[in-house]
2 protein chains.
Amino acid sequence: MPVLQLIYQHPLLTPSQLETIFEAHTLVDFKKGDYLLKKGQVSNSYFCIGEGMVRSYVHDFNGNDITTGFIEKNEIAIDVISLFHQVPTVEYFQALTDCTCYVIDLDKFQVLYHSIKGFNEWGRAWMSKSLFQLKQRTISMITDSASERYKSLQEQHPRILQQAPLKFIASYLGITDTSLSRIRKELTR
Amino acid sequence: MPVLQLIYQHPLLTPSQLETIFEAHTLVDFKKGDYLLKKGQVSNSYFCIGEGMVRSYVHDFNGNDITTGFIEKNEIAIDVISLFHQVPTVEYFQALTDCTCYVIDLDKFQVLYHSIKGFNEWGRAWMSKSLFQLKQRTISMITDSASERYKSLQEQHPRILQQAPLKFIASYLGITDTSLSRIRKELTR
DNA sequence: TAATCCACTTGCCATAAGGCAAGAAATGAA
DNA sequence: TTCATTTCTTGCCTTATGGCAAGTGGATTA
């Protein structure tokens, strides 16, 4: 499982512990459009994306989609609140392309989390990194223009621009698809 | 320490464990304007705010302050990345008022974190809650107008409006102080 | 092949928010 | 008290982005 090798990198994890962690995963396929998790459900699984891309989104009060994130290959797709607090989620997690996922059920995850110190540390590192990235995004929403945010996305996550339709990218950047279309036109001159 | 009673609420924590945790804190006072942590430093302490308010901020490329958060009484003030990964922070944490803080050094924190399962769980719950709140803020930046964001802050964190000058609140909301002044005028009619 | 559907573009105009600068009000210091 | 500094407000104009609606082009399906 080369994908899992990439995901679980932490100095405290020994090869035999990694083996135990790898074996806890089961393989699940999703077709484009399938939902890994839907609003109202209580999350019971932890997903690593092995192949493909997932989009997370919420509905705002007008019924519009707001894309909250794109989860790429070799990344983790979970709603931490729903999974760890066992409450209904407000987000949708939908396969943007056909996906292959490595999945661990919550019960099994908790056992690993409490029995393998390095896995616990890895989890804390993952969550703090997520927090940091989200903070960067929030700051970018304040300091950067829509055009600059688009360019950053283009540099840092080119695959998203290739795989996601414009309207999803636009709502992720906090603008309308109309505006993004104009920004793109402007940039290609 | 009534403040700590409020902060450390988790079903797995026994009274004697709580006692151990409480005793790990030392009391540190900060005067208005003092820094708990400055850009470039590696964080070595974990802070609970007992009295007062702290503001965290970054400088953007133009040298402008961007307020990233307000930390109130009974809340935790840390830079998770700098503290847990031992890297220099990019944020400033400054006392907005005179503050009384309960502090734990990183070494001692790590010992507690790994020896008390409930404390570990509490930490995960705290971090996932932070992640959720930050996501809510990001969504609000996309879906709500500046005026709506101001009203939400007013309802949910009235103390911030009382204690922080307008320019800090404005940059937290993602607008200029000029605009916030006009919004406030509009709302008081 | 025609009929849809979806993704994207474009034009026209509306609106929210910014930039700058002047001034008023409040706060703090000497 | 007086002076200085910071905080907040306001006017005038600019700019970024939105809203709506029409139109294009590609893909899918009947």
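This structure is a prediction, so every number in the text was calculated from the model and none was measured. The basis for the numbers below is simple: all heavy atoms, side chains too, and nothing from hydrogens, waters or symmetry mates. A, B, ... follow the sequence lines: proteins, then strands. Residue 1 opens every chain.
- With dT10(D), dA7(C), dT17(D) as the choices, the nucleotide that has an atom nearest any side-chain atom of Lys185(B) turns out to be dT10(D).
- For the pair Arg184(B) CZ and dT7(D) P, the computed distance is 13 Å after rounding to whole Å.
- Taking the ring centre of Phe93(A) as origin, the terminal cationic atom of Arg55(A) falls outside the region bounded by 6.0 Å and 45° from the ring axis.
- OP1 and OP2 of dT9(D) both lie 4.0 Å or more from every side-chain N or O belonging to Arg182(B).
- With rounding to whole Å, Lys32(B) atom NZ is found 12 Å from dT6(D) atom P.
- Side-chain atoms of Thr89(A) never come within 3.5 Å of backbone atoms of Gln41(A) as a donor-acceptor pair (strictly under, hydrogens ignored).
- Salt-bridge check for Glu91(B) with Lys39(B): failed, with every basic side-chain N at 4.0 Å or more from each acidic carboxylate O.
- Computed from coordinates, the Glu186(A) CD to dT15(D) P distance equals 14 Å when rounded to whole Å.
- Judged purely by atom type and a 3.5 angstrom limit, Ser115(A) uses its side chain to pair as donor or acceptor with the backbone of Val111(A).
- At the heavy-atom level, Thr176(B) lies under 4.0 Å from the strands shown only through sugar-phosphate atoms.
- Ranked by how close their nearest DNA chain D nucleotide is to the 5' end, Thr178(B) and Phe168(B) are led by Phe168(B).
- When rounded to the nearest whole Å, the span between CG of Leu173(A) and C1' of dA16(D) equals 15 Å.
- Of all the residues in residues 148-164 of chain A, not one reaches under 4.0 Å from DNA chain C with any non-hydrogen atom.
- Rounded to whole Å, atom P of dG18(C) lies 11 Å from atom CD1 of Ile142(A).
- Summarising the geometry, atom CZ belonging to Phe168(B) is positioned 11.5 Å from atom OG belonging to Ser56(B); distances are rounded to the nearest 0.5 Å.
- Using a 4.0 Å cut-off between charged nitrogen and carboxylate oxygen, Glu121(A) and Arg124(A) count as a salt-bridge pair.
- One interatomic measurement links the two molecules: CE of Met141(B) to P of dT17(D), which rounds to 13 Å at whole-angstrom precision.
- Protein atom CD1 of Ile183(A) is 12 Å distant from nucleotide atom P of dT9(C), rounded to whole Å.
- Closest to the side chain of Leu166(A), from the set dT17(D), dT9(C), dG18(C), is dT9(C).
- For the pair Leu180(A) CG and dG19(D) P, the computed distance is 15 Å after rounding to whole Å.
- Under the 6.0 Å cut-off for aromatic ring centres, Tyr46(B) and Phe84(B) do not qualify, their centroids lying 6.0 Å or more apart.
- Residue Ser179(B) places no side-chain N or O under 4.0 Å from the OP1 or OP2 atom of dA17(C).
- Not one side-chain nitrogen or oxygen of Lys167(A) sits closer than 4.0 Å to the OP1 or OP2 atom of dC8(C).
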